[in-house]
Amino acid sequence: MASSQGGVGAVTALQSHHYSSGPHWSPGISQYQHQHHTARSLDRALEDAVCSGILNLSGRKLREYPGMSYDLTDTTQADLSKNRLTEIPPEVCLFAPLESLNLYHNCIKCIPEAIINLQMLTYLDISRNLLSVLPKYLFNLPLKVLVVSNNKLVSIPEEIGKAKELMELDISCNEIQVLPAQVGRLQALRELNIRKNCLHMLPEELADLPLTRLDFSCNKITEIPPAYRKLRQLQHIILDNNPMQSPPAQICLKGKVHIFKYLNIQACRMDKKPDSLDLPSLGKRSWRIFIPVRITGLTLELVVTMVTRGCRRLRSDFKHRPDKAVLSAMKCSVSA
């Protein structure tokens, strides 16, 4: 009986020794198994994409597109990020239903014209690549989100104004020197990131957009246009690391509310120009004055002389308009 138990114990010990420690792989076999597993994993990803319409090949160090043997023309989402692709695969440009394309962190140098076949594409992330230019035809797509940060762009084409459905634009971390005024035509734009470029000024046309977030930090901008006070939907404005003069840096540090107060004050000052004959406030009296006009060539010389205490003699020159040869009268409100 003891012998029998000992025999069972020996068998159990043998089985335990055989199965518990697992196989001992040599380095060569391990590498082969890893490659086999990777290939099988890639095949499985492609097979899943055929069924689901979602292609995920992220982080596989791919240099070429591996899906030539699979029918992926019904793909709606494709993630080819974190690979080593040097171009957008021509096969991907034939995915007519494609809505989302992620090409983040590759080695792509240009965007092929074939991309215009993707007339359902609303999301494109081609950030952290080697792009030096954005082609004009890119903006014929119905894009809602365009991310092209961390490339080598030096300019943005005027055709960007055609992207009427664009809601989010990220062109940060490039070498852009001028932002085209046509950006002001993007009437759906909610978020604009132009951080870390070489911009010296902001286009006034942005004031007409429904922006909720604006980031122009890390540029060379010295002034925010007073027209930006009309950005009433703006919730976040990020402007650090700029040599700001208007508003001054100490006001910028106080946040959005103080910035907008400053812009409103500046706008009021700009509205009150010397040539508008906006006479200084002198009290509470109101005067109606008729001003004599002398026509000199193509210039009307208006001379206003007031005897009221504290008033000064004002002279203004106006260009003569052919349809109004004589300025007959003017109402001036003066408070004494």
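With contacts defined as side-chain heavy-atom distances shorter than 4.5 Å, the pair Glu159/Asn140 does not qualify. Looking only at side-chain heavy atoms (C-beta outward), Pro226 and Arg269 stay at 4.5 Å or farther from each other. Leu253 has its side chain out of reach of Asp240: every pair of non-hydrogen atoms, C-beta onward, lies at least 4.5 Å apart. Two residues are said to be in side-chain contact when any heavy atoms from C-beta on lie closer than 4.5 Å; Leu166 and Phe139 fail this criterion. Within the 4.5 Å cutoff, no side-chain heavy atoms of Ser132 are placed close to those of Lys109. Residues Phe216 and Leu199 are not in side-chain contact: their nearest non-hydrogen atoms beyond the backbone lie 4.5 Å or more apart.
With a 4.5 Å cut-off between side-chain heavy atoms of Ile, Leu, Val, Met, Phe, Trp and Tyr, the cluster of Leu94 takes in none. Residue Val147 belongs to a hydrophobic cluster whose other members are Tyr123, Val145, with links defined by side-chain heavy atoms closer than 4.5 Å.
Asn117 approaches Cys93 most closely through the heavy-atom pair CB-O, 3.2 Å. For the residue pair Asn83 and Arg60, the shortest heavy atom distance occurs at OD1-N, 3.0 Å.
With Thr75 as reference, Leu72 is the one residue of Leu72, Thr73, Asp71 to meet the side chain to side chain contact (heavy atoms under 4.5 Å, CB included) rule. With Leu234 as the partner, the side chain to side chain contact (heavy atoms under 4.5 Å, CB included) test is satisfied by one option alone out of Leu214, Leu209, Ile259, Thr212: Leu214.
Residues Leu121 and Tyr104 fall into different hydrophobic clusters, defined by Ile, Leu, Val, Met, Phe, Trp and Tyr side chains chained together at heavy-atom separations under 4.5 Å. Note on Leu146 and Ile116: same hydrophobic cluster, where clusters join Ile, Leu, Val, Met, Phe, Trp and Tyr whose side-chain heavy atoms are under 4.5 Å apart, directly or indirectly. Both Leu62 and Ile108 are part of a single hydrophobic cluster, where members link through side-chain heavy atoms under 4.5 Å apart. When the side chains of ILVMFWY residues are joined at heavy-atom separations under 4.5 Å, either directly or via intervening members, Val133 and Val148 end up in two distinct hydrophobic clusters. In this structure, Tyr137 is a member of the same hydrophobic cluster as Leu103, with clusters built from ILVMFWY side-chain heavy atoms closer than 4.5 Å.
Heavy atoms from other residues, nucleotides or ligands lying under 6.0 Å from CD of Gln119 number more than 12. Applying the 6.0 Å contact sphere to NZ of Lys136 captures no more than 12 heavy atoms from other residues, nucleotides or ligands. Summarising the local packing, CD of Gln187 is surrounded by more than 12 heavy atoms from other residues, nucleotides or ligands at distances under 6.0 Å.
Note that CG of Asp43 and OG of Ser41 are 9.0 Å apart. Values are rounded to the nearest 0.5 Å. Note that CG of Asn264 is 10.5 Å distant from CD of Gln266, once rounded to the nearest 0.5 Å. Here the CD1 atom belonging to Ile126 is positioned 7.5 Å from the CG atom belonging to Leu101, to the nearest 0.5 angstrom. Note that the CD atom of Glu99 and the CD atom of Gln77 stand 7.0 Å from one another [nearest 0.5 Å]. Distance CD1/Ile194 to CD1/Ile221: 5.5 Å, rounded to 0.5 Å.
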Check: Please walk me through it: do Val178 and Ile156 pass side-chain contact (heavy atoms from CB on, under 4.5 Å)?
Finding: CA-CA 8 Å; Val178 177; Ile156 299 295; over 6 Å; no
Check: Yes or no on side-chain contact (heavy atoms from CB on, under 4.5 Å) for Leu179 and Leu206, after CA distance, side-chain angles and deciding distance?
Finding: CA-CA 10 Å; Leu179 200 61; Leu206 295 186; 4.3 Å; yes
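For residues 253-263, the set of pairs meeting the side chain to side chain donor-acceptor pair (under 3.5 Å) definition, not counting sequence neighbours, comprises Ser246-Tyr262.
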